[in-house]
Amino acid sequence: MSKIKISILFIIVLFSELTAQENLIINTYNRATKSLNGQWNYIVDPYENGFYNYRYEPFENQAEPGSGAFFLNSKPKDKTDLVEYDFDLTDSITVPSDWNTQKENLYYYEGTVWYKKSFNYVKTNQSNRVFVYFEAANYQSDVYFNGKKLGTHIGGFTPFNFEVTDLLKESDNFLVVKVDNKRKKEAVPTLNTDWFNYGGITRDVKLVETSANFIQDYFVQLNPANNQQIKGFVKLNGKEISEKEILISIPALKIKTKVITNKEGVATIEINSKKIKYWSTSDPYLYDVVFNVNGNELKDQIGFRTIKTSGQEIHLNDQKIFLKGISIHEESPIRGGRGYSVEDAQQLLNWAKELGCNYVRLAHYPHNEHMVRLADKMGMLVWEENPVYWTISWGNKDTYKNAENQLTEVINRDKNRASVIIWSMANETPTSEARNIFLTNLASHTRAIDPTRLISAALEQTDYQGNPGIRTIHDDFADVVDILSFNQYVGWYDGLPEKCGQISWKITQNKPVLISEFGAGAKVGLHGDKLTRWTEEFQEDVYVQTLKMLEGIEQLQGFSPWVLVDFKSPRRVLPKIQDGYNRKGLISEDGQKKKAFFVLKNFYDSKN
Ligand code: GCU
């Protein structure tokens, strides 16, 4: 099959899979936006009284929903009129942020909260279009604008947008969002996790104003098969998108080229250059890439690098690299609560840098976009993970669609980030036929929409042929991944630290191995002998013993110990020690470094 045919096939497959989230606007960072962050009015609605009538029928499905429907933001017409809520008389809450750490009476609240934001907005050009864009809201969001339903989004960690052009007024617009963070068996994640189920509009909300036909999406990365070729596509959104000319320039490479869209408004990109300065951890060089259609410009800062496996090695730009990592939860080290700001991301990545890391595992769900854009600038490699965690409803088709949807959204958002090298399908999931099919389908979907990155998952280790002294990975999904990763807790959940010296590893797969988790709990400032649990000395010893033990794994190419900072988890209730925190952090929630921090730092500083 000729090269042209292959590349058109590559784009068609790529494109057919990507249209799953066909209206997601990427790169809102460099677009004309108006922030809707700030104070919003809210109503706590545990009985979902503002959504269902007394017959438990959704108001939104009724022709005449009546004033009980909160999305109408109703006001009494006159003194006789009965309206039993009023957003403008309620308390306000800050967006973005979770509700749990803002309102004491909502600390453990799981259920529905209604948000309302009123605003005026005058378009800069009458022919322009306007979208409301949410970076994320946990977990299910039903979004209404000026009394009309815009749509529903499921998933707490990925972006979504809706068009409001035809509903927009110059003044007195009202945006109403029903956010429900109830945990459900068939959801993704499912009922039990080891992190705090923060609820709310947890990340930025903005209005995005575009021209009538605008650049909605693009994929501009190095061709994995030829590192002197930039390959991808650019996609227009609008009514006049067919056979349109799009100018693409990369000034620093003196590249100026034109591409023409097909009838779906998509143009393929193939740009050859022998002068590309490759993005790397030591030199995270980002190019300005400028798209121009009808005089409307959109810029992005993109790094070009290749990431591959070669036998048991991981190669960044064809150079072997050891991933010196740490696992991170998206909790604000500054305010507590769900992290969302540039400052939150900066603090976490600064600590990772200080630890000597060149890599971070963002667990167990997509973190905010600030994190990956900062990682691009700081030269920090990133593992991103889909929240398929522990025991998901593998046989449930909607659960699969939901998991695939969330994965597609994060890939869409971050596919132009050089720092992102690994897509993780799941964490600690029990092997079964249904689970293998579920994860294998996610992996092939991922490969179809992003053939430039590596696939993995945090698997679990087992005894080799029943011998507990020898550990191995016995998991069908290990044959599907590019990088074999697993969590292991020898010395904490499995024996005492000295047990590390009694364990050997027999990994049969000829693939690079990453230890996605190891670690131990310690209460900062608690000291004692190294056999006393919860002391810094015990945790320190687990690190010393584990680092020695892992040297025995021939295919070892890196790890991301659990975890950078102590984080909130309702599963952790030991008084005076945990008090609602998982204490496996190398840093306490108030920023104090534990002894083990320096064990790992010294190890990384000694490893080139
Ligand atoms: C698991 C899991 C983490 C959890 C950790 C722990 O491996 O992946 O989410 O927090 O172990 O038990 O501390």
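These figures come from a predicted structure and were not determined experimentally. Note that ligands are numbered from 1 as they come in the structure, with each ligand's atoms numbered from 1 the same way.
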(Q) Is it the case that the ring center of Tyr42 lies less than 6.0 angstrom away from the ring center of Tyr115? (A) no
Q) Can you name the residues that form a side-chain contact (heavy atoms from CB on, under 4.5 Å) with Asp476, not counting sequence neighbours? A) Asn436
(Q) Would Lys324 and Tyr359 count as a cation-pi pair here, with the cationic atom under 6.0 angstrom from the ring centre and within 45° of the axis? (A) no
Q: Report all protein residues having a heavy-atom distance below 4.0 Å to some atom of ligand 1; order the list by chain, then number.
A: Asp194, His364, Tyr389, Asn427, Glu428, Asn487, Tyr489, Tyr493, Glu517, Trp562, Phe567, Arg572, Asn582, Lys584
Q. Should the ring pair Phe559 and Tyr604 be called parallel, tilted or perpendicular, given that the plane angle runs from 0 to 90° and is split at 30 and 60?
A. parallel
Q) Can you name the residues that form a side-chain contact (heavy atoms from CB on, under 4.5 Å) with Ala418, not counting sequence neighbours? A) Trp279, Arg305, Asp376
(Q) Applying side-chain contact (heavy atoms from CB on, under 4.5 Å), can you list everything that pairs with Leu191, at least two apart in sequence or on another chain? (A) Arg183, Lys185
